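What follows is one structure encoded as structure tokens, with my remarks underneath.
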Amino acid sequence: MTARSGRHFLQIPGPTNVPDRVLQAIARPTIDHRGPDFAEFTFDLTTRLKPVFGTRESIVAYPSSGTGAWEAALVNTLSPGDRVLAFETGHFASLWRDMAERLGLTVDFVPGDWRHGADPAILAEKLAADTAYEIAAVMVVHNETSTGVTSRIPEIRAAIDEARHPALLLVDTISSLGSIDYRHDEWGVDVTVGCSQKGLMLPPGLGFNAISEKALVAATRSRLPKSYWDWTPMLDNNERGFYPYTPATNLLYGLREALLMLEEEGLANVFARHRRHAAATRAAVHGWGLEVLCVDAREYSGSLTAVLLDEQYDADKVRRIILERYDMSLGTGLGRLAGRVFRIGHLGDFNDLMLAGTLSGVQMGLELAGVTVDPAGLQAALAVLRAD
């Protein structure tokens, strides 16, 4: 094995780099999860977590990946045979659709080109045609991790409201939570799905549901099987500061430290930092003469940028050269985008100099892979960083 000096650049769009403060918090001794100190800790943690979701409503945290939180959102609100409307915005939207079908739901899957977000106009047409109110829920991925496209959730909510349709709104924020402005309450979301390993700067292992009052009412009627994912025992125990089963105590320690870091910077500043780094990254991509996969400027992601290469180039070869020469990991193309794109993660614990180093490595790797690029791309990104 070749010896490497310096740090590895982990620039995939999650899991992200875990700050030293969070690692140190995770390393603290475990305490009794049935004792009074833990209950006090849980109450404080929940209070600090709610602003990140933009909610005053209930949040449950599972020892799980985001996939588990997907399942919890579905099984707690829906019944076998229920019709749900979902949008094909990318690989993860497709996986959520697959899960819904395996659970026995009927999915109306709106096809997409993976370069645009969920279309509010199409949603309005679908809901207007559903005069019998058969659609029980609308499923949308806020920020599609496979494409770097952010759907416009306020416009999705407006389409539901204008149709006066009772469908629940379920939103995946797995790669936007803590990185891109999100407002569960204000946008009328019924279940928000999140996880720990991206904008929250933790290792994988925590999944979240933020739950509206409307979703809680739906849960009383839901007939999909559930046990581990059941909200009821979670919420009942949480009211006393506890969990119905053993929680991921040390990850919760890390979560509290990550929330303190977000509070210290201020969420508005966190979101502005992500927008700025995304703008600098796109400036580099356009300066190189390459394409950003997302084609609608209203839907640019603050968390990651997917770079589309011409068919003559292999994006995985570029990634491999960058890993071998510069010890930097970039995200691969998923599903139909395999070999066509690479993804630059710029979320979580990240600053200007880290982005400059990342883009330098990408530019050098592209050149070594034989991709024709204008070296002025890096300077275009640095100009964005210098300007603010």
Side-chain angles (χ1 to χ4, degrees), residues 10 12-53 55 57-76 92 96 99 145 172-179 182 184 191-211 226-263 347-349:
L10 182 67
I12 61 175
T16 61
N17 298 291
V18 181
D20 289 343
R21 281 178 58 177
V22 173
L23 290 172
Q24 290 162 8
I26 292 171
R28 288 202 292 261
T30 303
I31 62 173
D32 176 13
H33 61 281
R34 304 296 182 197
D37 289 345
F38 188 86
E40 183 179 345
F41 168 77
T42 297
F43 292 137
D44 177 71
L45 183 65
T46 302
T47 298
R48 295 180 186 278
L49 185 58
K50 287 185 176 184
V52 179
F53 282 85
T55 189
E57 298 180 312
S58 299
I59 299 175
V60 295
Y62 294 97
S64 80
S65 67
T67 303
W70 271 354
E71 183 163 339
L74 296 174
V75 299
N76 280 285
F92 291 100
W96 201 10
M99 173 186 283
T145 316
D172 167 341
T173 65
I174 286 173
S175 63
S176 57
L177 189 69
S179 302
Y182 183 79
H184 173 92
V191 186
T192 295
V193 175
C195 70
S196 57
Q197 73 268 21
K198 296 182 187 282
L200 293 182
M201 305 176 287
L202 289 160
L206 292 176
F208 305 100
N209 282 172
I211 309 163
K226 50 192 163 289
S227 176
Y228 183 85
W229 305 115
D230 194 345
W231 286 341
T232 302
M234 287 288 284
L235 292 168
D236 288 347
N237 279 267
N238 284 176
E239 284 184 2
R240 302 187 301 276
F242 302 113
Y243 290 78
Y245 37 70
T246 307
T249 303
N250 289 66
L251 282 178
L252 295 175
Y253 288 162
L255 175 60
R256 184 178 184 278
E257 194 65 31
L259 294 172
L260 287 171
M261 292 178 66
L262 293 175
E263 289 174 17
L347 70 163
D349 187 37

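Since the structure is predicted, the reported quantities are computational estimates derived from the model, not experimental observations.
- In this structure, CG in Leu255 is found 5.5 Å from CG in Leu49, a value given to the nearest 0.5 Å.
- A donor-acceptor pair under 3.5 Å links the side-chain atoms of Asp230 to the main chain of Thr232, judged by distance alone.
- Residues passing the ring-ring contact (aromatic ring centres under 6.0 Å, His included) test with Tyr228, sequence neighbours excluded: Tyr245.
- Between Phe208 and Phe53, the ring-plane angle classifies as perpendicular under the 30° and 60° cut-offs.
- Smallest separation of non-hydrogen atoms from Ser175 and Thr145: OG-OG1, 2.9 Å.
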Subject >> Residue pair His184, Thr173: steps toward the side chain to side chain contact (heavy atoms under 4.5 Å, CB included) verdict >> reply: CA-CA 10 Å; His184 173 92; Thr173 65; over 6 Å; no
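- For the pair Ile174 and Gly66, the tightest heavy-atom approach, listed with the atom from each and the gap, is CD1-CA, 3.8 Å.
- Looking only at distances, no side-chain donor or acceptor of Lys226 sits under 3.5 Å from a matching main-chain atom of Ala72.
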Original post:
Run the side chain to side chain contact (heavy atoms under 4.5 Å, CB included) check on Leu200 and Val52 step by step: do they pass?
Top reply: CA-CA 9 Å; Leu200 293 182; Val52 179; 4.1 Å; yes
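- Between Thr16 and Asp349, the side chains place no donor N or O within less than 3.5 Å of an acceptor N or O (distance only, hydrogens not considered).
- Between Trp229 and Ser64, some side-chain heavy-atom pair lies under the 4.5 Å cut-off.
- Of all non-hydrogen atoms in Val193 and Trp96, the two that sit nearest each other are CG2-CZ2, 4.4 Å.
- Put simply, the side chain of Asn209 never gets that close to the backbone of Val191: no donor and acceptor are under 3.5 Å apart.
- Residues Asn238 and Tyr243 meet the side-chain proximity criterion, which asks for heavy atoms closer than 4.5 Å.
- Across all non-hydrogen atoms, the minimal contact from Ser58 to Leu235 is CB-CD2, 3.7 Å.
- Sorted by first then second residue, the side-chain hydrogen bond (donor to acceptor under 3.5 Å, both in side chains) pairs that include residues 39-53, not counting sequence neighbours, are Asp44-Arg48, Asp44-Arg256, Arg48-Glu263.
- Nearest heavy atoms, Pro63 versus Thr246: CG-O, 4.0 Å.
- Considering all non-hydrogen atoms of both residues, Met201 and Gly348 come closest at CG-CA, 3.9 Å.
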Subject >> Asp32 and Asp37: CA distance, side-chain angles, deciding distance, side chain to side chain contact (heavy atoms under 4.5 Å, CB included) verdict >> reply: CA-CA 8 Å; Asp32 176 13; Asp37 289 345; over 6 Å; no
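- Under the side chain to side chain contact (heavy atoms under 4.5 Å, CB included) rule, Ile211 has a single partner from Thr192, Val60, Ile59, Asn76, which is Val60.
- From Glu257, atom CD reaches atom CG of Leu23 across 10.5 Å, with rounding to the nearest 0.5 Å.
- When side chains are defined from C-beta on, Val18 counts as touching Pro203, because their heavy atoms get closer than 4.5 Å.
- Between Leu202 and Val22, the closest side-chain pair of non-hydrogen atoms falls below 4.5 Å.
- The backbone N or O of Ala27 sits nowhere less than 3.5 Å from a side-chain atom of Asn250 that would complete a donor-acceptor pair.
- With rounding to the nearest 0.5 angstrom, the CG atom of Asn17 is 9.0 Å from the CG atom of Leu347.
- Between Phe242 and Phe38, the ring-plane angle classifies as parallel under the 30° and 60° cut-offs.
- How far CZ of Arg21 is from CD1 of Ile26: 13.0 Å, rounded to the nearest 0.5 Å.
- Here Trp231 pairs with nothing under the ring-ring contact (aromatic ring centres under 6.0 Å, His included) rule; sequence neighbours left out.
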